[in-house]
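Some notes on the structure that comes next.
Quick note on labels: first sequence line is chain A, next is B, and so on, each numbered from 1.
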Amino acid sequence: MDFSLTKQQQLFLQMIREFAEKEVKPLAAEIDEQERFPMETVEKMAKIGIMGIPVPTQYGGAGGSNLMYSIAVEELSAACATTGVVVSAHTSLCVAPILEHGTEEQKQKYLPKLASGEWIGAFGLTEPNAGTDASAQQTTAVPDGDNYIINGSKIFITNAEYAHVYIVFAMTDKSQGVKGITAFIIEKGTPGFTFGKKEKKLGIRGSATSELIFENCVIPKENLLGKVGGGFGIAMKTLDGGRVGIAAQALGIAQGAMNETVKYIKERKQFGKPLSAFQNTQFQLADLQTRVVAARLLVRQAAYKKDQGVSYSADAAMAKLYASETAMEVTSKAIQFHGGYGYTREYPVERMLRDAKITEIYEGTSEVQRMVISAALLK
Amino acid sequence: MKIVVCIKQVPDTTEIKINPTTGTLIRDGVPSIINPDDKAGLELALTLKDKFNAHITVITMGPTQADAVLREAFAMGVDRAIHLTDRKFAGADTLATSHALAGALRKLEFDLLVTGRQAIDGDTAQVGPQIAEHLDLPQVSYLEHLEYDGKKTFTIKRATEDGYEMLEVDGPCVVTVLSGAYKPRYMNVRGIVEAYNREVEMWGFEQIEVDEKKLGLKGSPTRVHKAFSRGVKAAGELYEVDTNEAVGIIMSKLKEKFII
Ligand SMILES: Cc1cc2nc3c(=O)[nH]c(=O)nc-3n(C[C@H](O)[C@H](O)[C@H](O)COP(=O)(O)OP(=O)(O)OC[C@H]3O[C@@H](n4cnc5c(N)ncnc54)[C@H](O)[C@@H]3O)c2cc1C
Ligand SMILES: Cc1cc2nc3c(=O)[nH]c(=O)nc-3n(C[C@H](O)[C@H](O)[C@H](O)COP(=O)(O)OP(=O)(O)OC[C@H]3O[C@@H](n4cnc5c(N)ncnc54)[C@H](O)[C@@H]3O)c2cc1C
């Protein structure tokens, strides 16, 4: 057993941390304030290979591991959680299902452009009436010669109109229930595919979140991902991987808030001494740090297991559950340590609290993670 | 086109503290980095690779752990890496270092040899020029910018204390680069993934033809007389004012102290 990063992983950490510090952090407050998608950052990330970390080199990726990818999302999110989720949704929710379930033609067609960051990916599962209960899909896909005709809408879709490729789920046979759900690869610009309302959010405000609308949208059969009726399985497998990404995002937010707090409490003086001199501060800080390190072990374990090709579904659920709840606790306490200053936008901790909340909701709420964990235990 | 870049691993001096009683550097836990001037030199070479498809070799002389800077250079995009290491090289001052490096460089072909101006742990700015002397090559130090005609000639902007010089020089030649001249690119992810699978060539005393007396401690005429840290000066005064007011304050202070 070895808990240390390899030399290669350390080199990667060195690079991504410097990148986050110099290229990502300076924009974090601005894109939050302006609710602006950080396109310039995506271009910079694309140039050095961050948009295709776990993609094999034969498809234009970096040939890295999921562990490396989780380190990337963590470090980016410590600076800016919006940037973290752009990469996570792209990599885990669009690139990964094509890589894991796509035909050779689909891989050749989509992966090089996605891995190079020329194209951004997205994932459309959630519908107005199918959230936690994703099996209640109302979007339909009806076969028509060599095509499928898709009708329906998806809501809350990350990367929204900035994406070029969408993994979309639809009912091909309602009578079959979950076995009647099929996955499709849909490109932006396909006639009948438009965008609806853009959400205004509490946090990750630079991340674009929109409705996808399909009105008699004609999709060729070669864009079917996996098997007819295999969509629900693909969605669940994809979300297992996605949870590692979101867990890493939550962990990054927590670490970012810790970094700000440690710096602040050493400088801020009240009652003639730095806040760090109060035992209450020290004890609370110790508890928070312990949680952050425990969360990191869970995240890395889940990523490691995915790399090893062993079952990691419950590990990913535990990592996401624990890291997201840790992010909420740490960011809330970070504001407390900052006092009134922390409540204002002069300091980044209030943004971090707002950003942390979503990690308990998307890619399965904390309740869903508890279902997954206990189901694995009780099976 | 062939380029060789000399890079050195140094402690990140921005993170270094000095033990106030002994006056020595506290190196524990201080990260090691590629010397900033050398990293700018590496970027210069990489821009020439982008434009002219140049082949880049990096070379470092240093202990086993200096391997890390060669891996970083691989991840930035260089083609070949040589690690010059031998117990006989240990304890070298700038002269002995430049003899060892020159010995290795005699075995390599290049149109351009790039070094940093100086290393942040020694600040001598001697190794680059000494190498040029040993190899009897033209040298341009304090490089700010370089253009290549794609054939033979480099046009170089060189920083001096009171301005710039524009020089033309034919390869092979030696340049020493300032850290501000070229902003180093990030390592790319694929380069990082592959960096530790690639071969670093290990060269020792046997691989270079240099008189042993010129190497290591034996070949080092430098003697350290005394090392001490400069005492801390007064804290200074901080004004947060606009430029006009700031100029006024500075002028009156300078007059107050009879400096102007
Ligand atoms: C910013 C943002 C980005 C998103 N990005 C994407 C995306 O890219 N792609 C995508 O497909 N979706 C995306 N989503 C959707 C997200 O995954 C869903 O919001 C989430 O799955 C919850 O579904 P819901 O909002 O319908 O909540 P509901 O399902 O209505 O749940 C409401 C509450 O009820 C609880 N609950 C529900 N069922 C049970 C039960 N059986 N037992 C106990 N408690 C239960 C839930 O845990 C939750 O707390 C995004 C959402 C947001 C806000
Ligand atoms: C929106 C807003 C409105 C406000 N309105 C008003 C107003 O109308 N009038 C007004 O006068 N003020 C107002 N305030 C100021 C507010 O009362 C102060 O922010 C509050 O008293 C905390 O002080 P502080 O921000 O300086 O935090 P600090 O005193 O620096 O405290 C920061 C943290 O340090 C720790 N700490 C400090 N001292 C101790 C100790 N002795 N032992 C243990 N831990 C300690 C605590 O964890 C605390 O959370 C307002 C602030 C905000 C944000």
Side-chain angles (χ1 to χ4, degrees), chain A residues 4-25 40-73 75-76 79 87 90-91 95 111-112 114-117 307, chain B residues 7 9-12 14-15 17 29-36 38-40 42-43 46-47 49-50 58 60 62-78 81 83 179-180 182-200 235 238 240:
Chain A
S4 53
L5 296 178
T6 64
K7 283 182 171 175
Q8 177 206 63
Q9 289 156 352
Q10 285 172 34
L11 196 61
F12 180 74
L13 179 63
Q14 176 192 330
M15 182 282 282
I16 193 76
R17 190 168 280 174
E18 188 187 344
F19 180 86
E21 184 70 28
K22 289 192 180 151
E23 313 292 335
V24 179
K25 201 172 177 182
E40 66 270 53
T41 308
V42 173
E43 282 162 12
K44 287 179 194 165
M45 293 193 292
K47 207 169 145 197
I48 57 176
I50 297 174
M51 301 301 275
I53 297 170
V55 180
T57 53
Q58 69 189 106
Y59 301 117
S65 61
N66 287 288
L67 188 74
M68 218 178 219
Y69 158 67
S70 78
I71 292 172
V73 176
E75 292 296 326
L76 294 170
V87 175
H90 164 86
T91 310
V95 171
L111 291 178
L114 287 165
S116 69
D307 283 329
Chain B
I7 61 176
Q9 185 181 49
V10 294
D12 188 350
T14 55
E15 306 218 359
K17 294 190 178 70
V30 176
S32 293
I33 57 170
I34 298 179
N35 179 51
D38 309 357
K39 208 167 174 180
L42 209 47
E43 180 59 34
L46 289 164
T47 58
K49 178 173 177 172
D50 294 342
V58 284
T60 193
T64 317
Q65 56 274 27
D67 177 71
V69 296
L70 298 174
R71 305 293 170 181
E72 188 172 342
F74 270 147
M76 287 172 75
V78 308
H83 189 166
S179 64
Y182 289 86
K183 183 174 177 267
R185 65 194 59 193
Y186 290 97
M187 292 179 260
N188 71 76
V189 185
R190 181 167 177 181
I192 293 169
V193 172
E194 289 167 358
Y196 278 92
N197 301 331
R198 292 174 64 181
E199 193 207 339
V200 166
L238 203 64
E240 286 191 38

Value rounded to 0.5 Å, distance of OG in Ser4(A) from CD in Gln10(A) =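 Those atoms lie 7.0 Å apart.
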Locate the shortest heavy-atom distance separating Ile50(A) from Val189(B); write the atom from each residue and the value.
->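 Closest approach of Ile50(A) to Val189(B), heavy atoms only: N-CG2, 3.9 Å.
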Check each atom of Glu18(A) against the heavy atoms of chain B and say whether the ones under 4.5 Å are side chain, backbone, both or neither.
->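 Both backbone and side chain of Glu18(A) come within 4.5 Å of chain B.
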May I ask you to name which of Asn188(B), Asn197(B), Ile192(B) has the most heavy-atom pairs under 4.5 Å with chain A?
->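 Top option by heavy-atom pairs under 4.5 Å: Ile192(B).
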Arg71(B) versus chain A, heavy atoms under 4.5 Å apart: side chain, backbone, both or neither?
->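 Both backbone and side chain.
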Below 4.5 Å from any heavy atom of chain A, which atoms of Tyr186(B) appear? Answer side chain, backbone, both or neither.
->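 Both backbone and side chain.
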Ignoring hydrogens and geometry, is there a side-chain-to-backbone donor-acceptor pair from His90(A) to Gly117(A) under 3.5 Å?
->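 Not at all, since once roles are kept as given, no pair shorter than 3.5 Å links the two residues.
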Side-chain contact, heavy-atom cut-off 4.5 Å: Glu43(B) with Lys183(B)?
->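 Contact flag for Glu43(B)/Lys183(B) side chains = no.
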